Structures are given as structure tokens and as C-alpha cells.
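For reference, positions follow the sequence shown, starting with 1. Just so it is clear, the structure is predicted and the values come from calculations on it, not from any experiment. Both ligands and their constituent atoms are indexed starting at 1 by order of listing.
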Amino acid sequence: MVKITFAPANRHIQVRVGETILRAASRARIAISQRCGGKGACTMCKVRVTPGSFVSPPQEKEKRMIGEEHLACGMRLACQARVQGEAQVELAESRLASVVRTQLEKQRQERGEW
Ligand code: FES
């Protein structure tokens, strides 16, 4: 068993080596959006793996789906990346949370709170 840390909640869980990030998150009831059932087809499960984390290298399917540019930034498909050692995974902000945060920031600026 190895430890994965999920940011921004800073939640630590123990996972089996070889388990996908998506499966590990699901067991720990950490929500990662997905639509294809973990088949690497929807790209909704994108997460950012922090440098120095031990996960499997991307296979051709993942490279094709996510693109070299995103891979270079540490983005991975949670359903394809397998844990090989300690890792830190940053979850993407949901679209709704992003819209709400942006609106709140805009309102604060308009009220002169910043
Ligand atoms: S769950 Fe669809 S690409 Fe990962």
C-alpha cells in the first residue's frame, strides 16, 4: 500500500500499487467527474499529478486523448494513470464551482472589498 494525497482538500488515502487514481478516489468517496466508466474516452477525469509523484507513464490511448501539451503540465486521465508509489493529485475545480467563484470575486471587486 502507498499513500496518495488529494489536493486541495489535502486528503490522504492508502491505495494498492497498480490501482488507477479514479478507482482509488472512488473507494475513498472522492468525486472525480467521469462519463465513460473509466474507459479513457470522455477526458472528464483529468487531474494534475504533481511532479515527483509515482504514477505509470501514459499509454498511447491517453496520449491521444489528452495531448502532449497537457501531459507536459502534469495532466493525466485518472482512469488511466496507475499509482506506483507515493503521489499527490490535484483535482480540477468543477465547472459550477468555477462559475460561482468567478461571480463572487466580481461582486467583491464591484463593492470595493478588494
Ligand atoms: S473516465 Fe472517461 S476518460 Fe477517464
Q) Any chance CD of Q14 has more than 12 other-residue heavy atoms, nucleotides or ligands included, within less than 6.0 Å? A) yes

Q) For E19 and R82, what are the C-alpha separation, side-chain angles and deciding distance, and is it a side-chain contact (heavy atoms from CB on, under 4.5 Å)? A) CA-CA 5 Å; E19 188 168 27; R82 295 185 179 276; 5.9 Å; no

Q: Flag yes if V89 and I66 sit in one hydrophobic cluster, no otherwise; membership is Ile, Leu, Val, Met, Phe, Trp, Tyr, and two members link when side-chain heavy atoms are under 4.5 Å apart.
A: no

Q. Rounded to the nearest 0.5 Å, how far apart are CZ of R48 and SG of C73?
A. 7.5 Å

**Q.** Atom-level proximity to ligand 1, residues with heavy atom under 4.0 Å
**A.** Q34, C36, G38, G40, A41, C42, T43, C45, C79

Q. So which heavy atom on C79 is nearest to which on C45, and how close?
A. N-SG, 3.5 Å

Q | Which atom of L77 lies closest to which atom of E62, heavy atoms considered | A | N-OE2, 2.8 Å

